[in-house]
Amino acid sequence: MEPAKEIWQSALGKLQIQVSKANYTTWLSDSQGLSCHDNIFVVGVPNVFVAEWLSKRLYPLVRKTLVDIIGKDIDVRFEIHNREQLSASPLATQTDGGTSSKATQYRFNPKYTFDNFVVSDSNRLAYASAVEVAENPGSSYNPLFIHSSTGQGKTHLLHAIGHLTTNNGLQAAYITAEQFANEFVLAVRENQVDKFRSKFRNIHIFLFDDVHFLINKKQTLQCFFHTFNELYSNNRQIVITADCSPQDMRPLSNKVKSRLEGGLVVDLQPPDFETRLNILRVKADTMMTSELEGVLHIVAEKVCENVRQLEGALVYLTAQAKLSGTKITPETINKLLTSMTCKQDIKLLLRTVADYFNLSAEELINKKRDRKTTLARHVAIYLMREGYNCTLTEIGKELGGRNHATILHGYEKIANELSINPTLSNQIAEIKEQLNSQKGYRAAYQTVQKH
Ligand code: ADP
Ligand code: MG
């Protein structure tokens with residue numbers, strides 16, 4: 001491979017993990033390293049719009065990435081390069097106008113199948129309706145609307161529907177709202193809105209992820225509904241996900257909301273302990289070979305907010321074990337878990353501190369500023385930072401959106417006073433004692449003490 005090509009391939013690898021998937025697909029995936037002379041690296045892109053966008057939005061990141069790879073200071077230019085495979089814009093590569101028999105093949109994540117989805121009371125209805133629409137598209141719930149907080153399996157279910165329907169010989173399209181918005185902007189700039197709109201015309205199942213991303217994007221939303229209506233009136237199956245129910249999407253009109261909820265609306269709830277453990281067992285099968293049930297138990301017990309975190313914990317553990325060549329020990333697990341914010345533990349901490357000072361947890365969070373409440377709040381800040389390694393911003397968020405400086409002030413106040421104020425030091429020791437009797441805090445706190 002020519003050096004510029006090779007360097008750019010390696011830069012793309014690094015950029016891919018630094019920008020969102022949608023941005024990568026839209027702006028970078030069709031680019032190419034053309035030359036590297038006189039300290040100028042030239043990147044070939046398919047059209048002016050992409051060149052402009054990259055120069056405006058990604059120049060610093062691209063330059064830094066290239067400088068890191070090449071090892072010397074260089075400048076970057078984006079030039080239009082109409083080589084055959086580059087002449088197709090990101091839009092056109094996936095667009096056949098709905099007329100050709102060779103429709104676009106969407107690739108679905110092989111790990112996101114129905115078989116790999118652990119079913120429990122928290123997600124049974126969503127799972128069953130996803131299977132139902134995959135088996136009988138267009139004939140049961142249309143649209144199917146799945147909502148949940150992040151990391152609960154929405155994208156997983158969309159891909160699972162994609163797998164099943166394509167295996168049944170149907171044409172399924174998966175797109176995130178962000179990608180849709182990017183492509184729409186590109187289409188407007190290139191005067192190809194009609195072509196863009198026709199992109200999904202021959203699709204049997206339209207899988208649209210994270211629609212909330214479009215809430216304040218009026219034009220894109222309009223284009224989305226155009227696609228939606230066309231598919232719907234042709235009896236094509238539509239599945240939409242979002243981080244809240246249609247009713248909670250405030251800026252949307254009632255008409256739009258009622259269209260979104262016109263089929264079936266289901267949610268995914270955070271899984272309970274047994275489900276978390278089962279999910280870990282499924283994931284561990286593919287990631288860990290010899291690791292014990294005990295490890296999974298601790299992880300399932302400690303990481304409770306969302307499945308992505310749960311999985312993240314497992315990936316981290318596996319990587320740790322592989323890299324260090326050592327067995328996973330409770331210390332490794334604890335170290336890992338301290339670096340992850342476990343909200344339930346923090347709630348417990350707030351409750352314990354509040355109880356100790358005869359306050360309610362809400363009083364710690366809201367604006368009350370008498371001496372006792374302020375002291376209690378500062379103690380909570382101190383313990384969150386010491387015990388959970390939380391960042392100042394995270395603590396601020398837990399305490400009703402207080403800013404970084406306020407949190408730092410609270411932390412320093414306690415940290416400085418501890419050595420000179422025996423009463424305070426006793427109070428903290430007593431609270432720790434209470435917390436130590438609660439499982440969740442103990443593991444986290446003891447680990448941090450060691451470091
Ligand atoms: P969301 O789209 O709701 O943010 P994802 O679908 O990306 O969440 O899920 C995050 C991770 O958690 C994925 O790796 C997914 O496979 C996994 N996951 C979520 N729920 C389950 C489940 N019930 N069974 C197995 N894996 C799950
Ligand atoms: Mg998702």
Side-chain angles (χ1 to χ4, degrees), residues 1-95 104-107 109 175-193 195-196 199 210 213 217 219-220 312 315-316 319-320 322-324 339 391-393 404:
M1 222 193 278
E2 296 156 35
K5 256 192 191 166
E6 212 168 311
I7 292 167
W8 187 240
Q9 280 311 314
S10 146
L12 283 178
K14 291 185 172 211
L15 289 165
Q16 194 163 11
I17 49 175
Q18 296 180 77
V19 303
S20 75
K21 202 171 154 200
N23 276 340
Y24 182 83
T25 313
T26 316
W27 309 110
L28 286 166
S29 63
D30 279 335
S31 59
Q32 202 186 24
L34 293 183
S35 65
C36 184
H37 294 302
D38 303 330
N39 289 345
I40 295 175
F41 194 97
V42 181
V43 180
V45 296
N47 58 52
V48 181
F49 186 47
V50 174
E52 247 174 47
W53 195 93
L54 286 172
S55 309
K56 266 194 207 138
R57 307 279 291 274
L58 279 194
Y59 174 83
L61 182 65
V62 170
R63 180 161 168 265
K64 183 178 179 305
T65 307
L66 283 169
V67 169
D68 284 350
I69 294 171
I70 298 170
K72 63 175 182 176
D73 199 19
I74 45 123
D75 197 8
V76 185
R77 271 190 211 146
F78 299 99
E79 282 181 8
I80 321 298
H81 183 68
N82 280 323
R83 240 171 20 91
E84 202 169 273
Q85 74 257 44
L86 287 182
S87 64
S89 70
L91 181 60
T93 48
Q94 295 200 331
T95 306
T104 316
Q105 285 299 316
Y106 289 83
R107 266 169 292 150
N109 187 330
I175 191 162
T176 66
E178 191 185 359
Q179 205 174 341
F180 187 88
N182 279 341
E183 291 191 17
F184 175 67
V185 171
L186 200 55
V188 170
R189 285 290 294 262
E190 293 186 335
N191 255 333
Q192 292 193 354
V193 174
K195 196 171 174 190
F196 176 64
K199 178 173 169 167
D210 293 334
F213 185 83
K217 298 185 165 52
Q219 268 195 318
T220 319
V315 172
Y316 183 88
Q320 280 272 7
K322 266 194 194 147
L323 289 175
S324 62
S339 67
T391 65
L392 298 172
T393 316
H404 184 270

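Please read these numbers as outputs of a predicted model, since none were measured by experiment. Atoms considered below: every heavy atom in the structure, side chains included; atoms not considered: hydrogens, waters and symmetry mates.
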* To do: Return the orientation label for the Phe184 and Phe196 ring planes: parallel under 30°, perpendicular over 60°, tilted otherwise.
  => tilted
* Structure fact -> Residues passing the salt bridge (Lys or Arg N to Asp or Glu O under 4.0 Å) test with Arg189, sequence neighbours excluded, are Glu52
* **Under the salt bridge (Lys or Arg N to Asp or Glu O under 4.0 Å) test, residues paired with Glu79 that sit two or more places apart** => none
Over all heavy atoms of both residues, which pair between [X] and [Y] is shortest? Give the atoms and the distance, please.
X: Asp30; Y: Pro46; answer: O-CD, 3.9 Å
X: Ala181; Y: Phe213; answer: CB-CE2, 4.0 Å
X: Ala4; Y: Cys36; answer: CB-N, 4.2 Å

Rounded distance [0.5 Å steps], [atom1] in [X] versus [atom2] in [Y]:
X: Leu15; Y: Trp8; atom1: CG; atom2: CH2; value: 5.5 Å
X: Thr220; Y: Glu183; atom1: OG1; atom2: CD; value: 11.5 Å
X: Leu12; Y: Ile7; atom1: CG; atom2: CD1; value: 12.0 Å
X: Ser10; Y: Lys5; atom1: OG; atom2: NZ; value: 15.5 Å

Report yes if the side chains of [X] and [Y] come closer than 4.5 Å at any heavy-atom pair, otherwise no.
X: Lys195; Y: Glu190; value: no
X: Leu54; Y: Leu28; value: yes
X: Asn182; Y: Asn23; value: yes

* Using the test side chain to side chain contact (heavy atoms under 4.5 Å, CB included), find all partners of Asp68 that sit at least two apart in sequence or belong to another chain. => Lys64
* Results of side-chain hydrogen bond (donor to acceptor under 3.5 Å, both in side chains) for Gln16 - residues two or more places apart only ->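 If we apply the side-chain hydrogen bond (donor to acceptor under 3.5 Å, both in side chains) test to Gln16, skipping adjacent residues, there are no hits.
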* To do: Give every residue pair that meets the salt bridge (Lys or Arg N to Asp or Glu O under 4.0 Å) criterion with at least one member in residues 36-48, sequence neighbours excluded.
  => none
Which atom pairs, one a donor and one an acceptor, fall under 3.5 Å between side chains of residues 69-78 and the rest of the protein, sequence neighbours left out?
unit_1: Lys72; atom_1: NZ; unit_2: Asn39; atom_2: OD1; d: 3.2
unit_1: Asp73; atom_1: OD1; unit_2: Arg63; atom_2: NH2; d: 2.7
unit_1: Asp73; atom_1: OD2; unit_2: Arg63; atom_2: NH2; d: 3.4
unit_1: Asp75; atom_1: OD1; unit_2: Tyr59; atom_2: OH; d: 2.4

